[in-house]
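Written out below as structure tokens is the structure these notes cover.
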Amino acid sequence: MKIAAVKVIVTCPGRNFVTLKITTDQGVHGIGDATLNGRELAVVSYLQDHVADCLVGRDAGAIEDIWQYLYRGCYWRRGPVTMAAIGAVDTALWDIKAKAAGMPLYELLGGRSRRGVMVYGHASGRDIEETSDEVARYIELGYRAIRAQSGVPGMDSTYGVSADRMYYEPADAALPTENVWSTEKYLDHVPKLFDRLRERFGFGHHLLHDVHHRLTPMEAARLGISLEDYRLFWMEDPTPVENQEAFRLIRKHTVTPLAVGEIFNTVWDCKDLLSEQLIDYIRTTVTHAGGITHLRRIADLAAMYQIRTGCHGATDLSPVCMGAALHFDTWAPNFGIQEYMLHTEPTDEVFPHDYRFSEGELHAGESPGHGVDIDERLAAKYPYRKAYLPVNRLRDGTMWNW
Ligand code: EZ4
Ligand code: CO
């Protein structure tokens, strides 16, 4: 079965998504997600101008060889644009192989390791009480794990607090919105949030929190210590990850579990954190870490150090990524948890999918492939709209991490 056509589809049913569609000479097609939030068109060009021609005529079943061809063969290895492009090709080819085999993708990966995939939902509010009421709502919906983020007194905005309760969308403007950040105010506030949540709900649910790269290593250590009594499932991205040695410092001081890796794109980014056991959950997912083929390598390395997976699942990853990730999660022996934010209704219509939520878990579905497709006619109704993530500045104007 040979690759006959390679097509890139851009659609914006509420937010931008880039989808790669590969069709074979036998009429089977597969799709992959290539969305890189705020830099979408760079991946579109990479795929259209530099990858598509190299794929036509190749054996669609040679997934590993095509992965190596695109990785080794471009000379300029790694990076988010390259790896998102490779990830989309890889996901589409696994989709095709599983469809051709008549199997759901998880069967092809080695079969089912669990009945369902535990997910965490996103509770947020302008203050602690609003966030607490949102946590109550997720518990009523059946979630067993909930991420909690709250507005901080004295700060106009902070990461993770959405205007629209269920649908969080930070890429909100055609030029980046500028937010003002205060580490002092944040560090003072977060322990109060989790104190309230444990007081109200007890310890029967997993609670998570995303620091979103804002702190220095010592500040992160201090936050970790101050959250220990609340037994978080994880504290995510406490400090920027370029300097992985920072995690040695954090680790020396706190037993609050750490989750890192949503912006990583290869196993090389993960290697030291995994082999030195500096984190507890690895956040890489299908789209930004080179597809199913490469994500498996990362998960296998993590497993050697008892580190579990916690795939990124924000809404800037399309339902195609979610579908593929759920098959991966269903297989991965060292699966930990899957992030789950609801896509808007128009997005779900553009990407009809098999996966279903029930009792705090997502189920990948049993149809052949990864179980997600794209309605191209509908997709064409939503043209690309420029949208950027915000930036952060300190009160005196200094640029900070968002
Ligand atoms: O801000 O994916 O844990 N989830 C996150 C996300 C990221 C977005 C950036 O595009 O940190 O909400
Ligand atoms: Co995050």
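Any value given below was found using the heavy atoms of this structure, including those in side chains, with hydrogens, waters and symmetry copies removed. Both counts, for ligands and for their atoms, begin at 1 and track the order of listing.
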**Q.** Nearest neighbour in protein (non-hydrogen) for atom 5 (C) of ligand 1
**A.** Tyr159 OH, 2.9 Å
(Q) Evaluate Arg283 for polar contact with ligand 1, using N/O atom pairs at a separation under 3.5 Å. (A) yes
Q: Give the numbers and elements of all ligand 1 atoms closer than 4.0 Å to a heavy atom of Arg147.
A: 3 (O), 4 (N)
Q) Do Tyr355 and His353 make the cut of ring centroids closer than 6.0 angstrom? A) yes
(Q) Does this structure show an ion pair linking Glu64 with Arg297, if we count only N-O contacts that are shorter than 4.0 Å? (A) yes
Q) So, do Trp234 and Tyr120 have ring centers that fall under 6.0 Å from each other? A) yes
(Q) Between the Co ion (ligand 2) and Asp210, which N, O or S atom of the residue is the nearest one? (A) OD2
Q. Below 2.8 Å, any N, O or S contact between Glu262 and the Co ion (ligand 2)?
A. yes
Q. Is it true that Trp402 and His212 have ring centroids separated by less than 6.0 Å?
A. yes
(Q) Considering non-hydrogen atoms of the protein only, which is the closest contact for atom 11 (O) of ligand 1, and what is the distance? (A) Glu262 OE2, 2.6 Å
Q.
I'd like to know if the Co ion (ligand 2) has an N/O/S atom from Glu339 within less than 2.8 Å of it, counting both backbone and side-chain atoms.
A. no
Q: Return a yes/no value for Tyr120: is any of its N or O atoms, backbone included, closer than 3.5 angstrom to an N or O of ligand 1?
A: no
Q) For ligand 1, which atoms sit closer than 4.0 Å to a heavy atom of Asp210? A) 3 (O), 4 (N), 5 (C), 11 (O)
Q: Among all protein heavy atoms, pick the one closest to atom 1 (O) of ligand 1 and tell me residue, atom and distance.
A: His212 NE2, 2.7 Å
Q. Regarding Arg231 and the six-membered ring of Phe203, is the cationic atom NZ or CZ under 6.0 Å from the ring centre and inside 45° of its axis?
A. yes
Q: Check the pair Asp172, Thr177 against side-chain hydrogen bond (donor to acceptor under 3.5 Å, both in side chains), reporting the backbone distance first and the verdict last.
A: CA-CA 8 Å; Asp172 59 355; Thr177 306; 3.0 Å; yes
Q.
With nothing but distance in play, are any N or O atoms of Trp402 less than 3.5 Å from an N or O of ligand 1?
A. no
Q.
Quick check on contacts: which atoms of ligand 1 are under 4.0 angstrom from a heavy atom of Ala314?
A. 2 (O), 6 (C), 12 (O)
Q | Lys/Arg-Asp/Glu bridge criterion (N-O < 4.0 Å) met for Glu376, Lys7 | A | yes
Q. Which atoms from ligand 1 have a heavy atom of Leu389 less than 4.0 Å away?
A. 9 (C), 10 (O)
Q: Compute the ring centroids of Tyr143 and Tyr138, then answer whether they are less than 6.0 Å apart.
A: yes
Q) Do the numbers put Arg283 on top of the ring of Tyr281, so that NZ or CZ is under 6.0 Å from the six-membered ring centre and no more than 45° off the axis? A) no
Q: Check the surroundings of atom CZ in Arg39: do more than 12 heavy atoms from other residues, nucleotides or ligands lie under 6.0 Å from it?
A: no
Q) Can you tell me which residue and heavy atom of the protein come closest to atom 2 (O) of ligand 1, and the distance to 0.1 Å? A) Asp316 OD1, 2.7 Å
Q: Provide the atom name of the closest N, O or S atom of Glu236 relative to the Co ion (ligand 2).
A: OE2
